[in-house]
Amino acid sequence: MACECTPPNPANYQPCVPDAIPSADQVRITPSLRSQKGSVWTKNTVNFDHWEVKVTFRVSGRGRMGADGLAIWFTTAQGLDGPVYGAADNWNGIGIFFDSFDNDGKKNNPAVLVVGNNGKLVYDHPNDGTTQALGTCLRDFRNKPYPVRAKITYYKKTLTVLINNGFTPDKDDYEFCTKVDNMIIPQEGYFGISAATGGLADDHDVLSFLTFRLTEPEMPKEEQDKYQEEFENFQQELDKKKDDYQKEHPEVQREPIEEMYESVNDREIRQVFEGQNQIHQEIKQLHRQLAMILDEQSRYVSVVTDEISKRHGELAPSQEMGAVVATQQEILRNLNELRNSFHESLKQIDATQHQANPVSMGTYETVQHFNEIQEHLHVVKRNIEHLITRNGSPSENQGEKCPDPPKLPSCLGTIHFLVFVVIQSGLFLSYIMYKSQQEAAAKKFF
């Protein structure tokens, strides 16, 4: 897409309202005074099928809020004066509005709006034009360290608005604002820019206003035929080389290109099997840990039973100890049930992995297997919670205390400890004597 630029000659533009103040490097559309209006329009009409406009401007004021805003126009007639940001209402064309003041109180300003009109629409000021906007975006363009830039492109019935927010000096740092498709505007019209102030006031300064005509690149027919011929020759040469290579290497079979890449179904099945294998490994780990807990619980029950038989007269009454033993035996039964549940889950996963075919297996069967595994895991979770509750109930309700396990003999005897102390003392005295000799030898040199 090629661009043709109209010369940015100041003589092509004219201020139409006395409040606009032109100077050598900018045009102040409105000063920061109340109830001001100003606009600048092209003197001659522009007849472009496709166009682009780049506008550089500043909106600055002392207050936290400003008013009213700035507008960029392409209309069939110059909007010399009026209530819509300093231009006439009922315009025929397109207006891009930079609205500073929040009239509707919805806290959606400053904002950028695109409003089209066929000459019959009256602009909705109380609602900030939101009911008539074809496209909008929230952008704060007031009091920026660098000038704000707007790029407006109309190409093939599509209007695109890009904004440079003025935070960086990079002229090409644009952000997408909005886009309007299937938009029909007049082919011939005037470009203009206007601004207005109200009870609050801002300075609205325009630094540049560039217009471009967009045209599709046209290639001569001779050049098109030349490139087409080169492409056909290249394609024929490539096919010939492929045939020669196939004749020289008949053992190499051509694989369809579809088989060289993983299809969507294959990828989903692979992910399902990877997740299933991970669940399998986790359940195996839980099964091993549960087996260890079961062995420890069995040893603990045997120790308690032996202590009861040996010290029946010294411990609590036989009824309380019987309750303790019964509780431990119930815990042991629950652990066995959990272990069996884990074992069944492992069997089910193994059967699924051996019977499933990665090529012909459907998603529905896989989901069913995962649901069954999930149900088993929920059962295991409920059993563990029940086990914890039953395990804690005797001590909480009855205040019983399980007997302490028998004391284990000390790992270090008295004789070993004395020998260790003597050896350590001898080593310490030897180190002190060696250190003294080294210091005495060092003093001889002084």
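Hydrogens, waters and symmetry mates are skipped; everything else that's a heavy atom, side chains included, is used.
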Does [Y] offer a backbone N or O that forms a donor-acceptor pair with the side chain of [X] under 3.5 Å?
X	Y	answer
Gln236	Phe231	no
Thr30	Gly38	no
Asp243	Lys247	no

Side-chain heavy-atom pair [X], [Y] within 4.5 angstrom cut-off:
X	Y	answer
Val148	Thr56	no
Asp89	Pro83	yes
Val112	Phe97	no
Lys241	Tyr245	no
Asp81	Lys37	yes
Leu159	Ile94	yes
Phe141	Asp99	no
Thr178	Thr136	no

Within the 6.0 Å centroid threshold, strictly below: [X] and [Y]:
X	Y	value
Tyr123	His125	yes
Phe209	Phe57	no
Phe167	Tyr146	no

Report, as yes or no, whether the 6.0 Å neighbourhood of atom [atom1] on [X] holds more than 12 heavy atoms from other residues, nucleotides or ligands.
X	atom1	result
Phe234	CZ	no
Glu222	CD	no
Gln285	CD	yes
Glu229	CD	no
Lys179	NZ	no

*Which is it for Asn92 and Thr75 under the side-chain contact (heavy atoms from CB on, under 4.5 Å) test, yes or no, and what are the steps along the way?*
CA-CA 5 Å; Asn92 185 9; Thr75 58; 5.8 Å; no
*asked:* Evaluate Asn165 against Glu175 for side-chain contact (heavy atoms from CB on, under 4.5 Å), listing each step before the verdict.
replied: CA-CA 8 Å; Asn165 54 21; Glu175 296 178 354; 3.5 Å; yes
Atom of [X], atom of [Y] and distance for their closest heavy-atom approach:
X	Y	answer
Gly129	Val115	O-CG2, 4.5 Å
Arg28	Asp205	NE-OD1, 2.6 Å
Trp91	Gly116	NE1-C, 4.4 Å
Tyr154	Met183	OH-O, 2.8 Å
Gly86	Ala196	N-CB, 3.6 Å
Thr197	Pro31	CG2-O, 3.9 Å

*Report the relative orientation of the aromatic rings in Phe191 and Phe74; use parallel for angles under 30°, tilted for 30 to 60°, perpendicular for over 60°.*
tilted
Rounded to the nearest 0.5 Å, what separates atom [atom1] in [X] from atom [atom2] in [Y]?
X	Y	atom1	atom2	answer
Asn109	Asn103	CG	CG	7.5 Å
Asn117	Leu134	CG	CG	10.0 Å
Tyr174	Ile163	OH	CD1	9.0 Å
Lys106	Asn108	NZ	CG	7.0 Å
Ile21	Gln36	CD1	CD	8.5 Å
Arg149	Ser208	CZ	OG	6.0 Å

Short side-chain donor-acceptor distance under 3.5 Å, [Y] and [X]:
X	Y	answer
Asp104	Asn127	no
Gln187	Asp49	yes
Asp25	Ser23	yes
Trp73	Ser194	yes
Asn143	Ser60	no

_Option passing side chain to side chain contact (heavy atoms under 4.5 Å, CB included) with Leu200 (candidates Met65, Arg34, Arg64)_ = Met65
*Run the numbers on Asp124 and Thr131 for side-chain hydrogen bond (donor to acceptor under 3.5 Å, both in side chains), then give the verdict.*
CA-CA 7 Å; Asp124 186 9; Thr131 58; 2.9 Å; yes
*Please lay out, stage by stage, how Val53 and Leu210 fare under the test side-chain contact (heavy atoms from CB on, under 4.5 Å).*
CA-CA 6 Å; Val53 173; Leu210 303 177; over 6 Å; no
*Quickly, which of Arg58, Arg62, Arg142 forms a side chain to side chain donor-acceptor pair (under 3.5 Å) with Asp202? Name it, please.*
Arg142
_Does Arg213 form a salt bridge (charged side-chain N to carboxylate O under 4.0 Å, His left out) with Glu52? I'd like the steps, not just the answer._
CA-CA 6 Å; Arg213 180 175 63 186; Glu52 182 176 272; over 6 Å; no
_Is there a side-chain contact (heavy atoms from CB on, under 4.5 Å) between Leu113 and Phe98? Walk through the geometry before answering._
CA-CA 7 Å; Leu113 298 88; Phe98 294 82; over 6 Å; no
*Take Asp173 and Asn164, measure what side-chain hydrogen bond (donor to acceptor under 3.5 Å, both in side chains) needs, and give me the verdict at the end.*
CA-CA 6 Å; Asp173 186 15; Asn164 185 327; 5.5 Å; no
*Begin with the C-alpha distance, continue with both residues' side-chain angles, and end with the deciding distance and a verdict on salt bridge (charged side-chain N to carboxylate O under 4.0 Å, His left out) for Lys221 and Asp225.*
CA-CA 6 Å; Lys221 190 174 186 308; Asp225 296 338; 3.3 Å; yes
*Answer yes or no on whether Lys54 is positioned over the face of Phe212, meaning its NZ or CZ is under 6.0 Å from the six-membered ring centre and within 45° of the axis.*
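Yes, a cation-pi geometry holds between Lys54 and Phe212.
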